[in-house]
Amino acid sequence: MYTGVNQSDQSERSDQAAHVAASARRSGCDSGGVTGESTPSFPTEWLSLPELVELTGEPLGRIRRFLDEKQLVGSRRDGALRVPSVFLVDAAPLGTLRGTIIVLQDAGFSDDEVIDWLLSPHESIGMAPIEALRAGRKSEVRRVAQAEA
């Protein structure tokens, strides 16, 4: 069972995160929208499952469980399933992301549409929903998600 992260593990993970992000950039993973819409997106790197394993220190089975349990959502890019790096905080899934993903999927959004919605700026929020979630504005984001869905 995971009980926490000590200082050296945290530093190691930060180094790994920088390495993984650089690798994603080299592989041509940009921050564009998934569904092909021309809406500007919140900038992010796209991480493959092996990169997520390296970054989080979790086994591949646990990463897949994050996806199955809607703690993360991914999209096929360049043939491989990839997850926006902005969905992670301190090498773990953003805690407030799961409920928002569920609200949007219950309204009929596909995984790609969920990602686009989270990364695209919304006038009613004043920023991209993922940025607002990372800033602790979960209730506002979910209210907008329910209204738009």
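We use all heavy atoms of the structure for the numbers below, so side chains are in, but hydrogens, waters and symmetry mates are not.
- Put simply, the residue from L94, L47, L97 that forms a side-chain contact (heavy atoms from CB on, under 4.5 Å) with L88 is L47.
- The CZ atom of F87 sits 5.0 Å away from atom CG of L119, with the distance rounded to the nearest 0.5 Å.
- With a 4.5 Å cut-off on side-chain heavy atoms, W46 and S85 do not count as touching.
- The closest side-chain heavy-atom distance from I125 to E140 is below 4.5 Å.
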Test log, rule side-chain contact (heavy atoms from CB on, under 4.5 Å), inputs L104 and E113: CA-CA 9 Å; L104 293 168; E113 291 168 333; over 6 Å; no
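- Using a 4.5 Å heavy-atom threshold, the side chains of V53 and E58 count as separate.
- Inter-residue side-chain proximity for L55 and E51 is flagged as unmet; no heavy-atom pair is nearer than 4.5 Å.
- Under the 4.5 Å side-chain heavy-atom criterion for Ile, Leu, Val, Met, Phe, Trp and Tyr, V103 and V114 are members of distinct hydrophobic clusters.
- Listed by first and then second residue, the ring-ring contact (aromatic ring centres under 6.0 Å, His included) pairs involving residues 122-149 are W117-H122 (not counting sequence neighbours).
- The structure places CD of E131 at 12.0 Å from OG1 of T44, a figure rounded to the nearest 0.5 Å.
- Contact detail for G74 and L81: the closest heavy-atom pair is C-CD1, 3.7 Å.
- Remark: I115 CD1 to S120 OG distance equals 11.0 Å, nearest 0.5 Å.
- Looking only at side-chain heavy atoms (C-beta outward), P121 and M127 stay at 4.5 Å or farther from each other.
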Give every donor-acceptor pair under 3.5 Å between a side-chain atom in residues 59-73 and any protein atom, sequence neighbours left out.
{"residue": "E69", "atom": "OE1", "partner": "Q71", "partner atom": "NE2", "Å": "2.8"}

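- Of the N and O atoms on the side chains of S75 and D111, not one donor lies less than 3.5 Å from an acceptor on the other residue.
- Considering only residues two or more places apart in sequence or on other chains, T96 meets the side-chain hydrogen bond (donor to acceptor under 3.5 Å, both in side chains) condition with none of them.
- Criterion: ILVMFWY side-chain heavy atoms under 4.5 Å apart, direct or through other members. Under it, L52 and V86 are part of a common hydrophobic cluster.
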